[in-house]
Q: 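Mind looking over this structure? Questions follow.
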Amino acid sequence: MKIVQTFGFFVAIAFLAAAYVLTSELRRREKLGWLAPVQETMVTGKPASVGDMLVSAVIGFIIGFKIFGMFGAGTEDLRSYFLSAQGSVIGGILGAAAMAYWKYYTKKKAALPKPKEEKVNVWPHQRVPDFTIMAAVAGLVGAKIFHNLENWGEFVADPWGSLFSASGLTFYGGLIVAAYVIIRYAHKKQINWKHLVDSAAPALMLAYAVGRMGCQFSGDGDWGINNSAYGTNPTGKVQVISEAQYQDVLHRDSTYFTRHFGSLEQVPHKRFEKPASLSFLPDFFFAYSYPHNVVNDGMPLQGCSGEYCNALPIGVYPTPLYEIIVCGLFFIVLMAVRRRVTTPGVIFGIYLILNGIERFFVEKIRVNTKYDIFGFHPTQAEIIATLLVIGGAGLIWYARKTKPVQKTA
């Protein structure tokens with residue numbers, strides 16, 4: 001049984017890395033006097049309420065139900081197990097009792113004869129855990145919604161599988177929904193939204209780069225179109241092939257290609273063989289078969305048995321790898337200019353432009369659903385990327401017009 005899923009691991013690392021960068025940047029802006037604390041009233045010394053213990057019991061039941069149930073699940077697919085109704089009721093009851101008692105015990109230990117109210121200053125950087133949780137939940141919901149809107153046919157065919165699969169996430173959907181939720185929360189907590197989004201810009205770029213590592217290493221289906229200069233051998237490695245050999249592969253595996261693209265004539269591809277000037281780069285930089293991919297796409301690998309034993313018959317452009325490199329460089333750029341650009345809102349505007357440009361061009365070699373709009377055939381990501389570039393330019397103009405330059409570090 002696989003305890004750690006590759007994609008989920010990198011998503012977790014992405015959130016942690018983003019939280020660290022966001023916290024550091026918020027602290028820097030607080031020291032400059034750009035962000036101020038908000039005074040809140042906290043009550044200390046209260047014993048655990050029935051509601052506190054009930055929430056803890058529910059969490060404990062879910063954890064115990066699934067953790068204890070793993071020992072008798074008899075499956076290697078941990079994702080399917082967690083999304084199923086399988087589990088241990090006895091383990092759930094034990095977990096619920098343990099969590100409820102722990103909440104009661106810790107609250108009783110800190111209880112005072114008479115609870116007291118205290119006025120405390122809460123700084124923006126202290127709310128990063130709240131931002132992270134909201135971004136995770138809202139981002140996942142938004143990513144799933146936008147992906148299923150973009151792939152409506154797949155959703156209608158299998159709604160449950162589309163909603164709860166580990167793959168099938170649209171970054172921009174997550175970004176839009178999470179941004180809306182977090183900015184509303186920030187407004188409620190009297191945090192200047194321009195400074196908040198500026199602080200988040202480098203963190204978001206880093207999180208995107210790290211998250212794409214999960215796509216690359218797990219093979220979640222988020223890859224490019226075929227590079228018809230490279231075929232896949234029985235062990236999953238790519239090798240240079242001729243145009244005639246490419247056609248042979250198409251016809252040999254016609255069932256696979258027609259299932260994905262409707263007909264062999266509609267299979268998207270661009271032929272690009274590694275030039276001599278870039279001979280130092282590995283072949284997988286130009287074409288990759290994603291052996292053992294998590295979505296089990298492609299053809300069976302020779303000598304492999306188990307759950308993930310497929311590889312793509314033709315090498316595809318590894319677009320997640322390209323985005324890791326480009327967005328990693330953009331993260332460095334944003335970190336370098338953040339001390340020089342002092343008008344609130346401008347850094348986030350730059351982020352939107354860079355992110356939009358990167359995604360617009362990578363879409364040219366990615367497999368995505370295309371729309372028909374007045375004779376144009378853009379993808380959902382191309383439309384949103386264009387709007388991000390326009391929005392970023394508009395935000396820079398608005399920020400410079402409405403706020404004077406502030407003192408630097």
Q: Can a donor-acceptor pair be found, under 3.5 Å and without considering hydrogens, that links the side chain of N227 to the backbone of F286?
A: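 Yes, N227 side chain to F286 backbone: donor-acceptor pair under 3.5 Å.
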Q: Check whether any side-chain N or O of D253 sits under 3.5 Å from a backbone N or O of L250 as a donor-acceptor pair, and report yes or no.
A: no
Q: Using the ring pair (Phe, Tyr, Trp, His ring centres under 6.0 Å) definition, which of the options Y322, F280, Y230 pairs with F285?
A: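 Of Y322, F280, Y230, ring pair (Phe, Tyr, Trp, His ring centres under 6.0 Å) with F285 is met by Y322 alone.
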Q: Using side-chain heavy atoms (C-beta onward) and a distance below 4.5 Å, is M53 in contact with W102?
A: no
Q: Indicate yes or no for a side-chain donor-acceptor contact from N192 to the backbone of K194 under 3.5 Å, with no hydrogens or angles considered.
A: yes
Q: Using distance alone, with no hydrogens and no angle criterion, decide if T235 and N233 have a side-chain donor and acceptor under 3.5 Å apart.
A: yes
Q: Ignoring hydrogens and geometry, is there a side-chain-to-backbone donor-acceptor pair from S289 to G236 under 3.5 Å?
A: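 At least one qualifying donor-acceptor pair exists.
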Q: Under 6.0 Å between ring centres, would you say that holds for F10 and F217?
A: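 Ring centroids of F10 and F217 are less than 6.0 Å from each other.
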Q: What heavy-atom pair brings L301 and A311 nearest, and what distance separates the two atoms?
A: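 Closest pair (atom of L301, atom of A311, distance): CD2-CB, 3.5 Å.
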Q: When you compare the side chain of I365 with that of T319, does any pair of heavy atoms fall below 4.5 Å?
A: yes
Q: Is the shortest side-chain heavy-atom distance between W123 and L26 below 4.5 Å?
A: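 A side-chain contact under 4.5 Å is absent here.
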Q: Pick out which of H125, E25, R29 makes a side-chain hydrogen bond (donor to acceptor under 3.5 Å, both in side chains) with S199.
A: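 Testing each of H125, E25, R29 against S199, the sole residue satisfying side-chain hydrogen bond (donor to acceptor under 3.5 Å, both in side chains) is R29.
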Q: R212 side chain to P320 main-chain N or O, any donor-acceptor pair under 3.5 Å?
A: no
Q: Between E382 and K364 (salt bridge meaning N to carboxylate O under 4.0 Å), is one present in this structure?
A: yes
Q: Taking all non-hydrogen atoms of both residues, which atom of N293 and which atom of N310 are closest, and how far apart?
A: ND2-O, 3.6 Å
Q: Centroid-to-centroid, Y288 to W223, below 6.0 Å?
A: no
Q: Any idea which heavy atoms bring A135 and I182 closest together, and the distance?
A: CB-CD1, 3.9 Å
Q: Before you tell me yes or no, could you show the steps for T343 and K401 under side-chain hydrogen bond (donor to acceptor under 3.5 Å, both in side chains), namely the whole-Å CA-CA distance, both residues' side-chain angles and the distance that decides it to 0.1 Å?
A: CA-CA 10 Å; T343 302; K401 181 180 179 181; over 6 Å; no
Q: Once salt bridge (charged side-chain N to carboxylate O under 4.0 Å, His left out) is applied, do any residues pair with K103, and if so which ones, sequence neighbours excluded?
A: none
Q: One thing to verify: whether D283 and K274 come together as a salt bridge, which I'm taking to mean a side-chain N less than 4.0 angstrom from a carboxylate O.
A: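 Salt bridge between K274 and D283, a charged N being under 4.0 Å from a carboxylate O: yes.
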Q: Is the shortest side-chain N to carboxylate O distance from E30 to R27 below 4.0 Å?
A: no
Q: Below 4.0 angstrom, N of the basic side chain to O of the carboxylate: do E40 and R127 qualify?
A: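 Yes.
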Q: Measure the shortest side-chain to side-chain distance between T44 and P115 over non-hydrogen atoms and say whether it is less than 4.5 angstrom.
A: no
Q: Which atoms form the tightest heavy-atom contact between G328 and A209, and what is the distance?
A: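 Nearest heavy atoms, G328 then A209: N-CB, 4.0 Å.
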Q: Please determine whether side-chain hydrogen bond (donor to acceptor under 3.5 Å, both in side chains) holds for the pair Y208 and N355, giving the CA-CA distance in whole Å, both sets of side-chain angles, and the decisive distance to 0.1 Å.
A: CA-CA 10 Å; Y208 188 74; N355 191 284; 5.9 Å; no
Q: Is there a donor-acceptor contact under 3.5 Å linking the side chains of Y308 and N296?
A: no
Q: Begin from the C-alpha positions of T41 and K119 and carry the test side-chain hydrogen bond (donor to acceptor under 3.5 Å, both in side chains) through to its verdict.
A: CA-CA 5 Å; T41 301; K119 297 287 186 180; 2.9 Å; yes
Q: Using 0.5 Å steps for rounding, measure from the CD1 atom of I314 to the OH atom of Y256.
A: 10.0 Å
Q: For a 4.5 angstrom cut-off between non-hydrogen side-chain atoms, does W193 reach P344?
A: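 The answer is no; the side chains never approach within 4.5 Å.
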Q: Please confirm whether the backbone N or O of F348 pairs with a side-chain atom of D198, one donor and one acceptor, at under 3.5 Å?
A: yes
Q: What are the two closest heavy atoms between F131 and P124, and how far apart are they?
A: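 Residues F131 and P124, closest heavy atoms: CE1-O, 4.1 Å.
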Q: Taking C-beta and beyond as the side chain, do L321 and F284 meet within less than 4.5 Å on heavy atoms?
A: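 They are in contact (side-chain heavy atoms under 4.5 Å apart), so the answer is yes.
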Q: Please find the pair of heavy atoms, one from A19 and one from T132, that lie closest to each other, and give the distance.
A: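 That closest heavy-atom pairing would be CB-OG1, 3.7 Å.
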Q: Does D297 reach the side chain of L312, with side-chain heavy atoms less than 4.5 Å apart?
A: yes
Q: Does F272 have its ring centroid less than 6.0 Å away from the ring centroid of Y317?
A: no
Q: Within the side chain of R359, is there an N or O that forms a donor-acceptor pair under 3.5 Å with the backbone of G356?
A: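 Here the side-chain-to-backbone pair does not exist.
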Q: With a 4.5 Å heavy-atom cut-off, do L334 and Y351 have their side chains touching?
A: yes
